[in-house]
Each structure stands twice: as C-alpha cells, then as structure tokens.
Amino acid sequence: MKPVKLILLSLFAAVLVSCGTTKTVPITGRQQSLMVSDGEVLSLSTQQYQEFMKSAKLSTNATNTAMVQRVGQNLANAVTNFMKNNGLADEVQYYTWKFNLVQDKQVNAWCMPGGLICVYEGLLPVTQNEDALAIVLGHEIAHAVARHSAEQMSTQMKQQYGIQIGSAVAGALGMGVNTQSIVQAIVAQGFSFKNLKYSRDHESEADHMGLIFAAMAGYDPQVAVSFWQRMAASSSNQTAEFLSDHPSDATRISQIKGWMPEALKYYNPPKTMTTAKTAAKTTTKTATKTTTKTTKTSSKKK
C-alpha cells in the first residue's frame with residue numbers, strides 16, 4: 001500500500017502548490033497564498049452585508065453617525081491614495097467603502113471584504129474621541145486591505161483537501177471506518193488550533209497596519225495605547241491567549257508601542273488644527289500686548 005500512499009500525498013502537495021496566487025500584504029510585506037479572487041470574495045461579502053443591513057437598526061444619533069462616516073471616509077481616502085502611490089492602483093476597484101453605525105450595545109466593529117464596515121454604538125463610549133475611533137476603523141480597514149477573509153477561506157479550502165486526501169490515504173491503508181473517522185477528527189482538531197493562532201496573527205497584522213493608516217489620515221496613533229487600555233478595563237473576557245483568536249490585551253499594547261515609531265513617521269497633524277492653535281496664540285499675545293499698552297497709558301495719564 002505504500003506506493004498508493006505516496007501517490008496520494010504527492011497529489012495533495014501538487015494541489016496546494018498549483019492552486020492559487022501569491023500576494024504581498026501592504027505595509028508588512030508578508031507573503032500570502034490565496035485560492036480565491038478579489039472579485040469572488042467581494043461578490044459574497046456584498047451579498048452578506050446587504051442581508052445584514054436589512055435586519056440591522058441604524059443609529060438615530062445623527063452626530064455620531066456623521067462622525068463614523070467622516071472618520072471612515074478620511075481613512076478610506078488615505079488608504080486609496082497610499083495604494084495608488086505604491087503600485088496597487090488596480091486593486092482600488094475592489095473596494096466600495098461603506099461605514100454604518102447601528103444600534104447595538106456591543107463594544108464591537110467589523111469589516112467585510114471590500115471595505116464594508118459596521119460600527120456598534122456600544123463602541124463609542126470606549127473610543128471617546130475621533131482619534132481613537134480612527135484606530136478601530138483603521139484596524140478594520142486593514143483586515144480588508146490585507147485580504148484576511150480571502151486568506152482564511154483559502155486556508156479552509158486547503159484544509160478540506162487535506163482531510164479528504166487524509167481519509168483516502170487511511171482507506172488505502174486498510175483502516176476501518178471508525179479509524180478513518182478518528183483520523184479525520186484529529187486532523188480537523190489540529191487545523192482548528194492552528195487557525196486560532198493564525199487568526200491572532202491576522203489581528204496583530206491589522207493592529208500594525210491600522211495604526212499606520214490612522215496616522216496617514218491625520219489621526220494621532222499615540223491614542224491607541226490608552227484606547228486599548230480602556231478596552232482591557234471594560235472587557236470581562238479572561239480567555240487564555242493560546243485559546244483565543246485575538247492577542248491578549250498586554251500583548252496587543254506591547255506590540256502597538258513597538259510599532260509606534262514607525263506610525264509616527266506617517267503622522268502629520270491636520271493643518272487646520274495647527275493653524276487654529278497658532279491663531280489662538282497670536283490672539284493671546286496681541287491681547288496681552290494691548291492690555292499692557294493700555295495699562296501703561298492709563299498710568300501716564302494719572
């Protein structure tokens with residue numbers, strides 16, 4: 001039976017190598033293997049997003065809704081310019097940016113492929129300001145730009161091939177049905193744990209890219225540390241990191257501090273804010289000089 005096993009294993013290897021394309025993740029430069037196209041993923045995500053929005057209740061808070069859409073669009077513009085200036089102009093067509101605020105007390109936000117983003121009202125009391133909101137939206141946008149959903153789908157497809165061929169090998173080796181089931185269960189469980197770590201890698205990559213996207217859009221990346229500290233304080237989830245699909249709060253904050261020097265290279269405070277501060281200082285100085293001058297004049301008259 002050994003020749004059969006070798007043939008099947010060779011077939012499995014050939015399938016994994018020949019299928020899909022290799023892409024480079026912007027900012028981090030990581031190589032990824034994808035078995036689904038941007039067009040295929042976008043089509044699926046658009047359908048799912050539309051279905052969700054049919055049942056979701058949009059926020060009735062006009063101020064908060066406008067803030068989410070304004071910050072989101074500023075980030076989308078910065079990311080689009082970045083892609084156009086870095087040889088990724090052809091990929092811009094696969095993004096249809098949408099930013100919706102819905103009535104939900106969960107402290108959460110998510111993004112579907114193509115830049116279809118949803119923010120829950122429960123997140124805003126924790127973000128507290130536009131800069132911190134930009135950190136969250138930058139993170140979600142990063143998931144889309146890095147094609148994390150497509151990569152997860154590709155990984156699952158490869159795993160299915162592995163399970164099917166593993167079962168075929170087991171059958172060729174004369175294993176009984178029960179033994180084959182156990183083999184499949186072990187393989188599936190192994191893949192499951194691998195996916196947990198794999199997902200944490202994606203979350204860390206989104207933190208890294210999102211920090212830089214926020215800085216590109218003119219939002220202060222340094223607020224990310226205090227934001228995630230607030231998130232940690234508000235979270236009751238104490239799941240051990242190795243069993244979680246997100247990095248621990250301590251790991252996340254430590255990584256963000258490590259990426260901060262890189263992010264600050266992209267950060268230029270909005271000119272309007274700088275101008276306003278300069279004008280305020282000038283006005284204060286002028287007022288002080290005028291007051292001093294008036295006081296001296298009054299003293300002379302006396």
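Residue numbers run from 1 in the order of the sequence given. Predicted, not measured: the structure shown is a model, and the values here were computed from it.
Between Met67 and Glu130, the closest side-chain pair of non-hydrogen atoms falls below 4.5 Å. Gln229 is listed as a side-chain neighbour of Ser226, based on a closest heavy-atom distance under 4.5 Å. Side-chain contact between Leu137 and Phe213 is absent, with no heavy atoms from C-beta onward closer than 4.5 Å. Met260 has its side chain within reach of Pro221: a pair of non-hydrogen atoms, C-beta onward, lies under 4.5 Å apart. Side-chain contact between Gln48 and Leu116 is absent, with no heavy-atom pair separated by less than 4.5 Å. Taking 4.5 Å as the limit, some side-chain heavy atom of Phe227 sits within range of a side-chain heavy atom of Val136. Residues Leu211 and Ile135 form a side-chain contact, since some pair of their non-hydrogen atoms from C-beta on lies under 4.5 Å apart.
Pairs engaging residues 80-91 under the side chain to side chain donor-acceptor pair (under 3.5 Å) rule: Glu91-Arg147 [sequence neighbours left out].
Between the side chain of Arg252 and the backbone N or O of Ser204 there is no donor-acceptor pair closer than 3.5 Å. A donor-acceptor pair under 3.5 Å is formed between the side chain of Gln103 and the backbone N or O of Leu58. A donor-acceptor pair under 3.5 Å is absent between the side-chain atoms of Ser254 and the main chain of Ala250, judged by distance alone. Side chain of Glu140 to main chain of Val119: no donor-acceptor pair is present (N/O by atom type, distance under 3.5 Å, no hydrogens or angles). A donor-acceptor contact shorter than 3.5 Å links the side chain of Ser45 to the backbone of Pro113. In this structure a side-chain-to-backbone donor-acceptor pair under 3.5 Å is missing from Asp104 to Tyr120.
Between Pro261 and Lys257, the closest heavy-atom pair is CD-O, 3.6 Å. Of all the heavy atoms in Arg230 and Val126, the pair that sits closest is NE-O, 2.7 Å. Here the closest heavy-atom approach between residue Val25 and residue Ala146 is recorded as CG1-CB, 3.7 Å. Residues Ser248 and Thr251 come closest through the heavy atom pair OG-OG1, 2.8 Å. Across all non-hydrogen atoms, the minimal contact from Cys118 to Phe52 is SG-CE2, 3.8 Å. Summarising the geometry of Ala144 relative to Cys111, their closest heavy-atom pair is CB-SG, 3.8 Å, with the distance given to 0.1 Å.
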**Study point:** Stepwise side-chain contact (heavy atoms from CB on, under 4.5 Å) check, Tyr49 with Asn100
**Key:** CA-CA 11 Å; Tyr49 192 77; Asn100 281 302; 3.0 Å; yes
Exercise for review: Apply the test side-chain contact (heavy atoms from CB on, under 4.5 Å) to residues Phe82 and Ile212: give CA-CA distance (whole Å), side-chain angles for both, the deciding distance (0.1 Å), then the verdict.
Suggested key: CA-CA 11 Å; Phe82 168 78; Ile212 291 174; over 6 Å; no
Check your understanding: Given Lys23 and Glu151, is the salt bridge (Lys or Arg N to Asp or Glu O under 4.0 Å) satisfied, shown in steps?
Key -> CA-CA 10 Å; Lys23 295 282 187 178; Glu151 194 169 0; over 6 Å; no
Review point. Which is it for Ile141 and Phe99 under the side-chain contact (heavy atoms from CB on, under 4.5 Å) test, yes or no, and what are the steps along the way?
Key: CA-CA 10 Å; Ile141 286 173; Phe99 303 90; 4.2 Å; yes
Exercise for review: Using the side-chain contact (heavy atoms from CB on, under 4.5 Å) rule, take Tyr219 and Val71 through it: C-alpha gap first, then chi angles, then the decisive distance, then the call.
Suggested key: CA-CA 9 Å; Tyr219 296 100; Val71 174; 3.7 Å; yes
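Both Met83 and Met216 belong to a single network of hydrophobic side chains, linked directly or stepwise wherever heavy atoms of I, L, V, M, F, W or Y lie under 4.5 Å apart. In the hydrophobic clustering of ILVMFWY residues, with side-chain heavy atoms under 4.5 Å counting as a link, Val223 and Ile253 come out together. Met53 and Leu42 are members of different hydrophobic clusters when ILVMFWY side chains are connected at heavy-atom separations under 4.5 Å. Following chains of ILVMFWY side-chain contacts shorter than 4.5 Å, one can reach Leu75 starting from Leu124, so the two form part of one hydrophobic cluster. There is no path of hydrophobic side-chain contacts, each under 4.5 Å, that joins Met112 to Val79.
In summary, the side chains of Glu121 and Ser59 do present a donor paired with an acceptor at a separation below 3.5 Å, with no hydrogens or angles considered.
Considering His139, Arg200, Arg30, His143 in turn, Arg30 is the only one that fulfils the side chain to side chain donor-acceptor pair (under 3.5 Å) rule with Glu205.
Legend: residues meeting salt bridge (Lys or Arg N to Asp or Glu O under 4.0 Å) with Lys54, ordered by chain and number and at least two apart, are Glu51.
The CD atom of Gln32 lies 8.0 Å from the OG1 atom of Thr24; values are rounded to the nearest 0.5 Å.
In this pair, His148 and His202 present their aromatic rings parallel. The plane angle is below 30°, not in the 30 to 60° band. Taking the six-membered ring where tryptophan is involved, the planes of Trp259 and His208 are essentially parallel, since the angle between them stays under 30° and well short of 60°.
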